[in-house]
Amino acid sequence: MALTGRAALLAALGSLPVGILEPGWTGILAVNGPLALACACDFALAAPVRRLVLNRSGDTTARLGEAAEVTLTVANPSRRVLRAKLRDGWPPSSWLPGTEVESSRHQLTVPSGERRRITTRLRPTRRGDRQADRVTIRSYGPLGLFSRQGAHRVPWSVRVLPPFTSRKHLPSKLARLRELDGRTSVLTRGEGTEFDSLREYVPGDDTRSIDWRATARQTTVALRTWRPERDRHILLVLDTGRTSAGRVGDVPRLDAAMDAALLLAALASRAGDRVDLLAYDRRARALVQNRSANELLPSLVNAMATLEPELVETDSRGLTSMALRTAPRRSLIVLLTTLDAAPVEQGLLPVLPQLTHRHTVLVAAVADPYIAHMAKARGSAESVYEAAAAAQAQNERQRTADKLRRHGVTVVDATPENLAPALADAYLALKAAGRL
């Protein structure tokens, strides 16, 4: 129990004149006697906190950057009216900075035998699971002089999923995919791996696609058209080692890689390809396999939600072995990792032939746009030194990419906002070239 500020103020005001007119405890008690009686009655009429029954309902998932609403039901089985202030405790990352007090604190009145619902609006700032903490309730008497306080644990969890901001690029990539599949009026030239149909030869077409037998049976030159193969296997590999923890702009590299992986997965599943996911550093952190097209994206975002960068060096040999076990047949392996020279040259390049011997390999990396900004700096000695350092970093990154390309690897190096569409374009280019 606790004396409220109102009661403390009344006590101070009540004792002041007594100290002047009639010093001594007897006078003070005489003047404060009615106040003490009022406080005792107020305390007796305050609803007991321990007897309250609390339950939760509401959202269990939310995308990063979006709001989640969790409803708390407070039932009052006692014979007294509950007049209370309530704090719904959640981790600090459940709110935008500066909004916790406004969002987590509530006032409510619950008559005897009734219940009330209050809604806590969360807006998480990090991915992962957010677990509810204690619900602290301070119950007041009708005069507001005394209060009872207690806490209840009411478990609830909200999983914060990746935001998938690159979804906006999906319609344009699907339109390009339909062109490749020949489902629009635009006819894609060049060879794929599945025969589609015959059409009349047009100057500029690849003569290797002429069907001479069909030409002999008609008066015009017949050309075979192709469409990309379907039901190919794609393995998305997220490197969750220490290099994925570096922040580029406002987000870690791992988050930008996840966003690009989600766009590619959505596009490939629409193309009829099978997509699996592996997240690895020194051990497998997530593995999603054998999902149907309808189940794929929910499974991927759910698996990615709890992934965090590990501050360890990625075991490239272990990653390669796990990738080969996950993709035993010819596949497109998309490795979302770094282009820093040391991890690539010391870790990835020695084991890369094991992957390229059997699979088509695509390496995607997040570039820092600030490096390009530094490379253009001029006007002072400090700016010139920054530009020189940036140019050196760019050249080193380009040399690392060239080493990967000499092993037959397709390399995509783009800033966080451009990585997802660039990776999707690289996939479509491989599909158009019949390399899947």
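Only heavy atoms go into these numbers, but all of them, side chains included; no hydrogens, no water, no symmetry mates.
- Contact check for V344 versus L404: side-chain heavy atoms found under the 4.5 Å cut-off.
- A salt bridge does not link D425 to R176: none of the charged side-chain nitrogens sits closer than 4.0 Å to a carboxylate oxygen.
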L161 vs L64, test: side-chain contact (heavy atoms from CB on, under 4.5 Å). Steps then yes/no. CA-CA 6 Å; L161 308 173; L64 184 63; over 6 Å; no
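- Within a 6.0 Å radius of NE2 in H373, no more than 12 heavy atoms belonging to other residues, nucleotides or ligands are found.
- With respect to the salt-bridge test (charged N to carboxylate O, under 4.0 angstrom), the residues R406 and D402 do not qualify.
- Counted by atom type alone, H233 and D276 present one or more donor-acceptor pairs between their side chains at under 3.5 Å.
- For residues 314-324, every residue pair satisfying the side chain to side chain donor-acceptor pair (under 3.5 Å) rule, not counting sequence neighbours, is listed here: D239-T314.
- Side chains of N302 and S299: no donor on one and acceptor on the other come within 3.5 Å.
- A salt bridge is absent between D281 and R242: the closest approach of a Lys/Arg side-chain nitrogen to an acidic carboxylate oxygen does not fall below 4.0 angstrom.
- Q149 is listed as a side-chain neighbour of T136, based on a closest heavy-atom distance under 4.5 Å.
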Between R282 and E310, does the salt bridge (Lys or Arg N to Asp or Glu O under 4.0 Å) criterion hold? Intermediate values first, please. CA-CA 9 Å; R282 289 186 177 273; E310 300 292 331; over 6 Å; no
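- Judged by distance alone, the side chain of T338 and the main-chain N or O of D340 form a donor-acceptor pair under 3.5 Å.
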Can you give the donor-acceptor pairs under 3.5 Å from side chains of residues 69-78 to other protein atoms, not counting sequence neighbours?
residue	atom	partner	partner atom	Å
E69	OE2	R121	NH1	2.7
N76	OD1	S78	N	3.2
N76	OD1	S78	OG	2.7
N76	ND2	R80	O	2.7
N76	ND2	V110	O	3.0
S78	OG	R80	N	3.4
S78	OG	R80	O	3.3

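- Of the possible polar contacts, one joining the S103 side chain to the T99 backbone as a donor-acceptor pair under 3.5 Å is found.
- Using a distance-only test at 3.5 Å, with no hydrogens or angles considered, no donor-acceptor pair links the side chain of R123 to the main chain of E66.
- Using modelled atom types, no side-chain atom of R405 and backbone atom of K403 make a donor-acceptor pair closer than 3.5 Å.
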In sequence, state the C-alpha distance, the side-chain angles, and the governing distance for E100 and R87, and then conclude on salt bridge (Lys or Arg N to Asp or Glu O under 4.0 Å). CA-CA 10 Å; E100 178 181 358; R87 179 184 179 272; 3.2 Å; yes
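- For E382 and S380, the side-chain atoms include no donor-acceptor pair closer than 3.5 Å.
- A donor atom on one side chain and an acceptor atom on the other are found under 3.5 Å apart for R130 and S93.
- Checking T120 against D88 by side-chain atom types alone, a donor-acceptor pair falls below 3.5 Å.
- At a threshold of 4.5 Å between non-hydrogen side-chain atoms, the residues T410 and L430 count as touching.
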